[in-house]
Structures are given as structure tokens and as C-alpha cells.
Asker: 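Just dropping this structure here.
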Amino acid sequence: MPSKGKLPQELIDQAIDHLWNDRDSLSTCSRVCHAWLPSARTHLFRDQRLTGAKHCARFEALLEGNPDIAPYVRKLTISEPMSTAYAQNWVNRVPALVGKLRRLTTLEFVGLHYVSLQHTSPETLSTLSRLTALVLADVYFDSFVDVHALLSAACNIRDLCFYRVCWAAPSSSTYGSLPVKAPPPLRRLVIDSWASSAMLQEWLLPSARRLDVRTLMVRWRERDCIDVLNGLLKACGTATQNLYIELPTTMEETQVLPSLFYNTNLRSLEIDGLVVPGCVPWTSALLAHLRAPALEKLSVTLHHPTSEHQSRTAYE
């Protein structure tokens, strides 16, 4: 029984939870008494965003002086408004920073250019193994070796977003030296990049006979690499239940066609970005191999190049 005049801790926690997006009020609550501090810190430090070297240094100093804050950080976003090689030097400190955040689950790299991990030791990179979600959005790496090292280190991610990621073209011999590791336990995979095929061929597919991806969202831009896309769809196989796919608008007559032959447990299928009349072979190929008796939703969006409005056909 709580003593007279003292509120139960669960009521305090629930009251502070209502202030989750009011940082000024949360900051005030954190200074009221010790009982209010954990709940206030949960919302104050759960989601951290670092937007430059100075911001990163301040956060590192904060953790150095207050190490008890580290367990509250669950998501870390790294971004840099300056697109210069010099401005990215501080990004090399991120893996070591992740090592201090022992309850961190989500890491996001957004709007970074000239990213290089060549000075980061394998031991430091291994701290990324505790992540369960990784987002790479608008990131330009020095080389694909950096991309491979980052993805391989994050070996336990269940959620991966690979959006507009690119790198300087490496030599073909570089690819041959990359180690093959077991694929991560992915459950959700989002791919939207001009360089998706290289990432899949050199990182995910070599060791993945079967993937357990439940939700797959693909915006495929590489018309000449449909065979790689088919390799991904085959590896996902019966595990995938929700599929969103956007394909190139044109194709060659002798080209490999996409196939959903192995995705027999689909419950939701959305096909988008199709432009008539060039999309007819794509759509026919996809639907011809569709064998999904449990399918509950089929949505096909068609765009006409001479019309201001798109025509949309949806079946549920």
C-alpha cells in the first residue's frame, strides 16, 4: 500500500505518458522528484537525432557525464545537412556510439554523403549486431565495401529500409573478396534504389536459400536485372504475405520476366507504377504465375501517359 499522500508509481507513469511529445513539460517533470525521472527520461531520450559533428560531440559528452541516460535511447538517427567529405568524418564515430547505447534497437542514416567505414575496426562495427531495424535513406557511400560491411555487421536486423542508396563504382575484383555471411532474420524489407541488384547479389542472396520476409516492398528500377528480383522473390517464397511491387515502365521482348510462382501464401498484392501500353507484358507475367489461394487483396494501378489522371483498378 502506498503511504498517505503518495501516488502509486503506475499513475505517475501514465500521467507523464500523456506528455510524450511535449519536451518542455517532460523536462520539467524530470526535475520534480526521483519518482518522476524514469518516465520523463523514457520520452525525452527514446528517439535521438544527430545532425552534425557538434551535435554528436554534445551527445557524447552528455552520455559521458550521465551514463544512466544511455538505456533510454532506443532509436538513433544520423543526418548531415552539409554534403562534403569533411563533414562526414564524424560519422565514423557512430558505431562506437552505438556500443554505448546498449538498448538501442533502431539506427537510421539519412541524407549522408561520402560515407566511409574504412577506419572503423571490425570490433567496433560488431556493436551493430544488437540492432533490430536499420534505415538507409539518401546515403552515398565511398564504395560498396562500406555498404557490405555495414549490412553484414547488422546481422540481427528484422526490418531493413534500403532507399536511394548508392556508392562509387568499385572494381569487379573487389566484389569477389567480400565475405559471405548468414542472412539476417528479416521480417520486413523495403527496397527503392537504383543499385538494388548489387546489394542483393553481393550481400543478401549468396547465403539465403530461404528468407522469412513477411512484408516485401520493392520499387525495382533496373530493367536489365529482373533475374535478381526473381531470385529475391524465390528466396522469400511462401513466407511473404504482403507484397508491394513497382516495376519499370518498359521492357525488351527477349528480357527475363518477373514471376510470383513461389509466393503462394500472399494475402495482399499491390502492383503499382504501370504505364499503359508498355506495362501489359509485365502485368501479364506477374498474374500468370500467381498461385495464392489465400489472397485477400489484389490492387493494380495503371497510368496513362496522355492523361492527367491515372486509372486505377483494384480487386479485394
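No hydrogens, no waters, no symmetry mates; every other heavy atom, side chains included, goes into these values. None of these values were measured; they are calculated from a predicted model. Counting begins at 1 with the first residue of the sequence.
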Asker: Please give me the minimum heavy-atom distance between Arg103 and Arg74, naming the atom from each residue.
Answerer: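 Smallest heavy-atom distance, with atoms named: O-NE, 2.9 Å.
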
Asker: Verify the cluster assignment for Leu107 and Val135: are they in a single hydrophobic cluster under the rule of side-chain heavy atoms below 4.5 Å apart?
Answerer: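 No; tracing contacts between hydrophobic side chains, which count when under 4.5 Å, never links both residues.
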
Asker: Closest heavy-atom contact between Leu76 and Leu104?
Answerer: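 In terms of heavy atoms, the two residues are closest at N-CD1, 3.6 Å.
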
Asker: Locate the shortest heavy-atom distance separating Thr77 from Glu108; write the atom from each residue and the value.
Answerer: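 Taking every non-hydrogen atom into account, OG1-OE1, 3.0 Å.
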
Asker: Decide, yes or no, whether a salt bridge links Asp212 with Arg187 under the criterion of side-chain N to carboxylate O below 4.0 Å.
Answerer: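 Salt bridge present between Asp212 and Arg187.
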
Asker: Dump the intermediate steps for side-chain contact (heavy atoms from CB on, under 4.5 Å) on Phe141 and Val165, then the final yes or no.
Answerer: CA-CA 8 Å; Phe141 289 87; Val165 180; 3.8 Å; yes

Asker: Hydrophobic clusters here meaning ILVMFWY residues chained together by side-chain heavy-atom distances under 4.5 Å, can you tell me if Leu204 and Leu233 are in one?
Answerer: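 Leu204 and Leu233: one cluster.
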
Asker: Are side-chain heavy atoms of Cys166 and Tyr140 found at a separation under 4.5 Å?
Answerer: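 Counting from C-beta outward, Cys166 and Tyr140 do come under 4.5 Å.
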
Asker: Ile157 versus Leu186: any side-chain heavy-atom pair under 4.5 Å?
Answerer: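 Yes, close enough: below the 4.5 Å cut-off.
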
Asker: First locate atom CG of Asn92, then atom CG of Leu97, and finally report the distance between them rounded to the nearest 0.5 Å.
Answerer: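 Spacing of CG (Asn92) from CG (Leu97) equals 12.5 Å.
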
Asker: Of the non-hydrogen atoms in Pro95 and Thr127, which two are nearest, and what is the gap between them?
Answerer: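 Scanning both residues completely, I find the closest heavy atoms to be O-OG1, 2.8 Å.
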
Asker: Just how far is it from atom CG of Leu257 to atom CG of Asp227, taken to the nearest 0.5 Å?
Answerer: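 So the CG of Leu257 and the CG of Asp227 are separated by 11.5 Å.
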
Asker: Take Ser299 and Glu270 through the side chain to side chain donor-acceptor pair (under 3.5 Å) test and state the conclusion after the steps.
Answerer: CA-CA 5 Å; Ser299 175; Glu270 297 182 61; 4.7 Å; no

Asker: Can you see which heavy atom on Leu200 is nearest to which on Pro206, and at what distance?
Answerer: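 So the two residues come closest at O-CD, 3.6 Å.
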
Asker: Rounded to the nearest 0.5 Å, how far apart are OG1 of Thr238 and CG of Asn265?
Answerer: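 Spacing of OG1 (Thr238) from CG (Asn265) equals 5.5 Å.
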
Asker: With Leu269, which of Val300, Leu260, Asn263 fulfils side-chain contact (heavy atoms from CB on, under 4.5 Å)?
Answerer: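 Answer to the side-chain contact (heavy atoms from CB on, under 4.5 Å) test with Leu269 among Val300, Leu260, Asn263: Leu260.
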
Asker: Look at the side-chain heavy atoms of Ile, Leu, Val, Met, Phe, Trp and Tyr, link any pair under 4.5 Å apart, and say whether Val256 and Leu229 land in one connected group.
Answerer: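 Val256 clusters together with Leu229.
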
Asker: With side-chain contact (heavy atoms from CB on, under 4.5 Å) as the criterion, how do Leu295 and Leu290 come out once you've worked through the C-alpha distance, each side chain's angles and the decisive distance to 0.1 Å?
Answerer: CA-CA 10 Å; Leu295 190 67; Leu290 183 61; 4.0 Å; yes

Asker: Answer yes or no: is there a side-chain heavy-atom contact under 4.5 Å between Asp192 and Arg221?
Answerer: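 Result yes, sub-4.5 Å side-chain heavy-atom pair found.
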
Asker: Would you give me the side-chain donor-acceptor pairs under 3.5 Å for residues 47-61, sequence neighbours excluded?
Answerer:
unit_1 : atom_1 : unit_2 : atom_2 : d
Gln48  : NE2    : Leu44  : O      : 3.2
His55  : ND1    : Arg49  : O      : 3.3
His55  : ND1    : Thr51  : N      : 3.3
Glu60  : OE1    : Arg93  : NE     : 3.4
Glu60  : OE1    : Arg93  : NH2    : 3.3
Glu60  : OE2    : Arg93  : NE     : 3.2

Asker: Taking all heavy atoms of Pro258 and all of His289, pick out the closest pair and write down the distance.
Answerer: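 Closest heavy-atom pair between Pro258 and His289: O-ND1, 4.2 Å.
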
Asker: Give the cluster check for Leu247 versus Val190: same hydrophobic cluster or not, with ILVMFWY residues linked at side-chain heavy-atom distances below 4.5 Å.
Answerer: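 Leu247 and Val190: separate clusters.
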
Asker: If we only count heavy atoms from C-beta on, is the Asn66 to Phe45 side-chain gap below 4.5 Å?
Answerer: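 Of all side-chain heavy-atom pairs linking Phe45 with Asn66, none is under 4.5 Å.
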
Asker: Would you kindly confirm whether Val213 and Leu205 end up in one hydrophobic cluster when ILVMFWY residues are joined by side chain heavy atoms under 4.5 Å apart?
Answerer: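 Same cluster: Val213 reaches Leu205 through Ile, Leu, Val, Met, Phe, Trp or Tyr contacts under 4.5 Å.
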
Asker: So do Arg214 and Arg188 actually touch side chain to side chain, heavy atoms under 4.5 Å?
Answerer: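 Sidechains of Arg214 and Arg188: no contact.
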
Asker: Side chains of Ile78 and Leu112: closer than 4.5 Å at any heavy-atom pair?
Answerer: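 With C-beta onward as the side chain, the pair touches.
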
Asker: Check whether Thr132 reaches the backbone of Arg158 with its side chain - one donor and one acceptor, N or O, closer than 3.5 Å.
Answerer: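 Such a contact is absent between Thr132 side chain and Arg158 backbone.
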
Asker: If I take atom CG from residue Leu128 and atom CG from residue Asn156, how far apart are they, to the nearest 0.5 angstrom?
Answerer: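 So the gap between those two atoms works out to 11.0 Å.
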
Asker: Kindly determine whether Trp203 and Val147 satisfy side-chain contact (heavy atoms from CB on, under 4.5 Å), including the steps that lead there.
Answerer: CA-CA 9 Å; Trp203 170 66; Val147 182; over 6 Å; no

Asker: Measure the spacing between CE of Met199 and CZ of Phe162 and express it to the nearest 0.5 Å.
Answerer: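 One finds 4.5 Å between CE of Met199 and CZ of Phe162.
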
Asker: Would you indicate whether the side-chain heavy atoms of Arg102 and Pro71 approach each other to under 4.5 Å?
Answerer: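 Yes, at least one pair of side-chain atoms sits under 4.5 Å.
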
Asker: Dump the intermediate steps for side-chain contact (heavy atoms from CB on, under 4.5 Å) on Trp220 and Ser197, then the final yes or no.
Answerer: CA-CA 9 Å; Trp220 197 257; Ser197 63; 4.1 Å; yes

Asker: Quick check on side-chain contact (heavy atoms from CB on, under 4.5 Å): which of Phe109, Trp167, Tyr163 does Val139 satisfy it with?
Answerer: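 Between Val139 and the candidates, side-chain contact (heavy atoms from CB on, under 4.5 Å) is satisfied uniquely by Phe109.
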
Asker: Report yes or no: is the cationic atom of Arg291 (NZ for Lys, CZ for Arg) under 6.0 Å from the centre of the six-membered ring of Phe261, at an angle within 45° of the ring normal?
Answerer: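 Yes.
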
Asker: Do Thr124 and Ser121 have side-chain N/O donor and acceptor atoms under 3.5 Å apart?
Answerer: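 Side chains of Thr124 and Ser121: pair found under 3.5 Å.
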
Asker: State whether the side chain of Ser196 and the backbone N or O of Ser193 hold a donor-acceptor pair below 3.5 Å, judged by distance alone.
Answerer: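 At least one qualifying donor-acceptor pair exists.
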
Asker: Measuring from atom OG1 of Thr240 to atom CG of Leu232, what distance do you get when rounded to the nearest 0.5 angstrom?
Answerer: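 Answer for the OG1-CG pair, Thr240 versus Leu232, is 7.5 Å.
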
